[in-house]
2 protein chains.
Amino acid sequence: MIKDDNILYDLAELFKVFGDSTRIRILFSLFEEERCVSDIAQTLSLTQSAVSHQLKILKQSKLIRSRRDGKQIYYSLADDHVRSIIGQGLEHVEE
Amino acid sequence: MIKDDNILYDLAELFKVFGDSTRIRILFSLFEEERCVSDIAQTLSLTQSAVSHQLKILKQSKLIRSRRDGKQIYYSLADDHVRSIIGQGLEHVEE
DNA sequence: TGAACATATGAATAAATGCTCATATGTTGA
DNA sequence: TCAACATATGAGCATTTATTCATATGTTCA
């Protein structure tokens, strides 16, 4: 399997996004259902600002998507790739 | 699926290791076969020192293993988890 | 329209981290 | 044993990055 350096660079960028405990915890909090920003912040004991900053990064990486409902914005996992990647990682960590 | 914060922390640490282009390129260079340090360095146009430092991190994370053969030390992927994780990541990046 | 609420964002700071340089450790063969 | 080679390692530096604080943007409802 031969891969272009550009693809490997993108791949590293992707894993870098997963490689932060705040972001992983945010992603994990979205495993079951969508959540709004203040909900995530409260659940994880984080600042609203900190959560927003990380949500932005997660969104730019297309790992989550959002929808507005009134004053709140609900975030959810973008697709099952996110679950698969985290699942594979967990297998390695949990053994 | 409920996960302990400690496990999520470990998970982030794991992804952090994958989240560097040098380390990803090293891992990728080991996909087919084991390689010694100088070989990796030459193939990827990196310093011997830089490679050694990163190999140490990869080894501590149990992503690679090593065996000595004379003056050289050959590194190889630790198990198929590494391939799986990278594979899942590639699916997301390549679409 | 204007408070009150929810979220986003920019700047600044502190901490983490990858690379380089110099050098140490380990191995072989003469 | 010692020179030559392969790899490992520590310190220092430069860059990246996560968080905080202050504030801006966007939405609702009275």
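Throughout, a chain's letter reflects where its sequence line sits, starting with A, and its residues are numbered from 1.
- Listed by residue number, B/R68, B/G70, B/K71 are the residues of residues 64-77 of chain B with a heavy-atom contact under 4.0 Å to DNA chain C.
- For A/R23 and C/dA16, the CZ to P distance is 15 Å, given to the nearest whole Å.
- When heavy atoms are screened at a 4.0 angstrom cut-off, B/K16 is found touching the sugar-phosphate backbone but no base atom.
- In this view, A/E91 satisfies the salt bridge (charged side-chain N to carboxylate O under 4.0 Å, His left out) rule with no residue, not counting sequence neighbours.
- By the side chain to side chain donor-acceptor pair (under 3.5 Å) test, A/R83 is found to be paired with A/D80, residues two or more places apart in sequence or in another chain being considered.
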Donor-acceptor list for residues 44-56 of chain A side chains, cut-off 3.5 Å, not counting sequence neighbours:
{"unit_1": "A/Q48", "atom_1": "NE2", "unit_2": "A/S52", "atom_2": "OG", "d": "3.3"}
{"unit_1": "A/Q54", "atom_1": "OE1", "unit_2": "A/R23", "atom_2": "NH1", "d": "2.7"}

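- Contacts between residues 45-57 of chain B and DNA chain C, counted as heavy-atom distances below 4.0 Å, involve B/T47, B/S49, B/A50, B/H53, B/Q54, B/I57.
- Partners of B/D39 according to the salt bridge (charged side-chain N to carboxylate O under 4.0 Å, His left out) rule, which considers only residues two or more places apart in sequence or in another chain, are B/R35.
- First and last contacts of DNA chain D with chain A, using any nucleotide atom under 4.0 Å from a protein heavy atom and ordered 5' to 3', fall at D/dT17 to D/dT28.
- Residues forming a side chain to side chain contact (heavy atoms under 4.5 Å, CB included) with B/S38 (at least two apart in sequence, or on another chain): B/C36.
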Identify each donor-acceptor pair in which a side-chain atom of residues 6-18 of chain A lies under 3.5 Å from a protein atom, sequence neighbours left out, and give them as a table.
{"unit_1": "A/N6", "atom_1": "ND2", "unit_2": "A/D4", "atom_2": "OD1", "d": "3.3"}
{"unit_1": "A/E13", "atom_1": "OE2", "unit_2": "A/K16", "atom_2": "NZ", "d": "3.2"}

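- Residue pairs satisfying the ring pair (Phe, Tyr, Trp, His ring centres under 6.0 Å) criterion with at least one member in residues 66-95 of chain A, sequence neighbours excluded, are listed as follows: A/H81-B/H92, A/H92-B/H81.
- A/L30 is listed as a side-chain neighbour of A/I40, based on a closest heavy-atom distance under 4.5 Å.
- Listed by chain and number, the residues in a side chain to side chain donor-acceptor pair (under 3.5 Å) with A/S21 amount to none (sequence neighbours excluded).
- Among residue pairs with one or both ends in residues 62-75 of chain A, those qualifying as salt bridge (charged side-chain N to carboxylate O under 4.0 Å, His left out) are A/E34-A/R67; sequence neighbours excluded.
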